[in-house]
K.L.:
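Would you mind keeping the following structure in view while I ask a few things?
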Amino acid sequence: MPSLTTLLRSGLGVPIGLLAVLAMVIVPLPPLALDALFTFNIALSIVIVMAVFYVARPLEFGVFPSVLLLATLLRLALNVASTRVVLMHGHQGTGAAGHVIESFGEFVIGGNYVVGVVVFVILTIVNFVVVTKGAGRISEVSARFTLDAMPGKQMAIDADLNAGLITQDEARKRRTEVRAEADFYGSMDGASKFVRGDAVAGILIVVINMVGGLAIGTMMHDMAAGDAARNYALLTIGDGLVAQLPALLLSTAVALIVTRMSGEQDMGSEVARQLFGRPRALWTAAGLLAVMGVVPGMPNAAFLTMAAICAGAAWWRQQRERVARAAPAPVAAVAEMPAEPQDVSWDDVRPVEAISLEVGYRLVSLIDRAQAGDLLARIRGVRRKLSQELGFLVQPVHIRDNLELGPNSYRINLAGVTVGEGVVHPDRELAINPGRVFGAVNGIATRDPAFGMEAVWIEPAAREHAQTLGYTVVDPGTVIATHLSHVIGQHAHELLGHEEVQQLVATLAKTAPKLVEDLVPKLLPLSVLVRVLQGLLAERIPIRNTRAIVEALAEHALRTQDPVALQAQVRIALGRQIVQDIAGLAEELPVMTLEPELEQLLQGSGQSGGAVTPGLEPGLAERLQKQVADAARRQEMAGEPAVLLAPPQLRPTLARFLRAGVPGLHVLAWNEIPDNRRVRLVTAIGR
């Protein structure tokens, strides 16, 4: 015979238990079985309340709605079974329905039936009107707010993933948690309706037992009205109390779990810290109790005793805080006397750092691990993600404080030159408007330093509210890391030098030694290879596929050494990758083209060594850039990439000309489109 533990582990325990609960509605139960099941029901309710109280996060008890439903069904089934016994055998005496119901009834009634009925009614009102109704309302509001906040939380996860702050697995885990949280609170909203319905059913069952018992006792068993009232009142109140006690416990458990915050916390320690951790509140309470204790006619001893307890607790808390503040700081080691200064040497000339981040003194806490700063870990994640995406190892980021900056300011430098800066508030969080929000939030209005989007610096307590309104909320470390990632991505071609290219070549030589040996330096100098790769990165083309790049260069290096011409051939070889990075897996690529008249004008504007150099009048050049920018903006609003399709001989020049004025534009040549992609003309750019 399998044990209970074996059944639970095999997954059969819960289905078998559910079938047994439903069977209790039909199969009559003896009083001994009722005693065991009522005791089990009370014990189960206590265990559920304790589990809710000690769980760190509501999602750790994600099965709670199902447990609540099963416990409610068990209680209702016991009510039906006990009602059958009370009505059928109540005339035999107060012990007809078992010792548990009899003991609870005698304990509450205490010899006075009116008092017993009043106590039971009060207990039912407390459960139905106060606890159950409040828990149901909180569940409803929590479910609605959680569902409204889902888009903002999903966008925050996407922002962290795009910034390299988290990996794909971490993003997948966080998305699963967001969905689980929404499912949990949605289920709790429905489960609270079970609890409310159970309370109503309990009241009706008590009325039925009382009225039905009196009628059956007097009419069918010829009992005196007083004897019938005594027997059935005790059994009814005992049965109702045995049912209402677990119901009150479960209603309390529902109220506890839906009022918990989402963060990990121990409720017991948090209640003690937040409620009794402020000496000023305890001193005030002690003073008010002492005043009430000296008023004539009041219970002076009780109030003065409680005032003394509050004052003692306040004094004890103050002493602990004073000891904590007076703890001696670690004594710094005494610095040795500096030696005689030496003469200036080459060691005093500091090399320029490839990437550096300077922060104001208030932002040092974001870097200091002792102050729970995680900016260093985030920057490592940014380097790892960018290195994987771009195809070469991004140099380390050197971080230092700069007293010349504002307290909340930071600065990003590449090769000693500032390329980005911003201001963050370490004690706030940034709520970014992704384009559509459903209200305003209070805070310091600003713009996202990476992409220039409208944003507001809000208090951390307003995070959930801002996400409910549709904002994407990120912490200050994420703001800096995202800005750094954006800057490095824009200037990746400046970070790729001879040393990095040499490492790429050496890595490829491990798998394709003959290919590398034939190309560098026999056919192509390393400097030309560097310029080709830099040109690709400048146009946001990753160089991950080093083998395809080197094979294309080896094929065409005998005919030309011009980096621009070689880059064009490499782009043809990488056409499938380029188009997929732009349009994903869509079979159709929306493009803009040049009108034939403008195309002929650009081709005939001037040639030098085979490369077209537009000698356009400033007005025409400005109109061209404006038309392309407007068309690209329309494509962006439509959710499609902005792609300009041009003849191969015009593509390099147009790409350089439009790069600064239209940042999100992709300029492709006809021969770079793979054969399996269809082209859809969106608009034609004219004069």
Side-chain angles (χ1 to χ4, degrees), residues 8 13-27 29 33-53 55 58 61-86 100-101 104 120 123-140 142-143 183-209 236 238-259:
L8 291 175
V14 175
I16 292 176
L18 178 60
L19 294 176
V21 167
L22 297 177
M24 286 191 299
V25 179
I26 303 173
V27 179
L29 295 179
L34 284 178
D35 287 345
L37 289 173
F38 275 126
T39 305
F40 171 77
N41 189 24
I42 295 174
L44 177 63
S45 303
I46 295 174
V47 170
I48 292 174
V49 172
M50 292 298 101
V52 168
F53 193 86
V55 73
F61 201 0
V63 75
F64 179 70
S66 300
V67 172
L68 186 64
L69 172 61
L70 294 175
T72 303
L73 290 177
L74 172 62
R75 188 166 58 257
L76 291 175
L78 287 174
N79 280 140
V80 174
S82 61
T83 297
R84 181 189 295 110
V85 174
V86 168
V100 173
I101 292 178
F104 270 85
F120 175 77
L123 180 62
T124 304
I125 291 175
V126 169
N127 183 24
F128 179 70
V129 177
V130 180
V131 182
T132 304
K133 187 175 182 179
R137 179 57 179 165
I138 295 175
S139 299
E140 180 182 350
S142 299
D183 294 341
F184 174 79
Y185 284 105
S187 301
M188 285 304 304
D189 184 25
S192 62
K193 302 299 188 296
F194 287 114
V195 177
R196 186 176 179 85
D198 174 55
V200 176
I203 297 174
L204 296 177
I205 290 174
V206 168
V207 174
I208 292 172
N209 281 347
T236 299
D239 182 26
L241 185 61
V242 170
Q244 284 299 317
L245 180 60
L248 180 60
L249 290 174
L250 287 184
S251 301
T252 305
V254 173
L256 282 174
I257 201 165
V258 297
T259 54

K.L.:
Can you list the residues that meet the side chain to side chain contact (heavy atoms under 4.5 Å, CB included) rule with Val47, with sequence neighbours excluded?
P.N.:
none

K.L.:
Kindly give the heavy-atom pair with the smallest separation between Leu249 and Ile42, and that separation in Å.
P.N.:
CD1-O, 4.4 Å

K.L.:
Quick one: CG on Leu69 to CG on Leu74, what's the gap to the nearest 0.5 Å?
P.N.:
11.0 Å

K.L.:
Answer whether the closest heavy-atom distance between the side chains of Leu37 and Asn41 falls below 4.5 Å.
P.N.:
no

K.L.:
Return the set of residues passing side chain to side chain contact (heavy atoms under 4.5 Å, CB included) with Ala71 (not counting sequence neighbours), or none when no residue passes.
P.N.:
Leu44, Ile48, Leu250

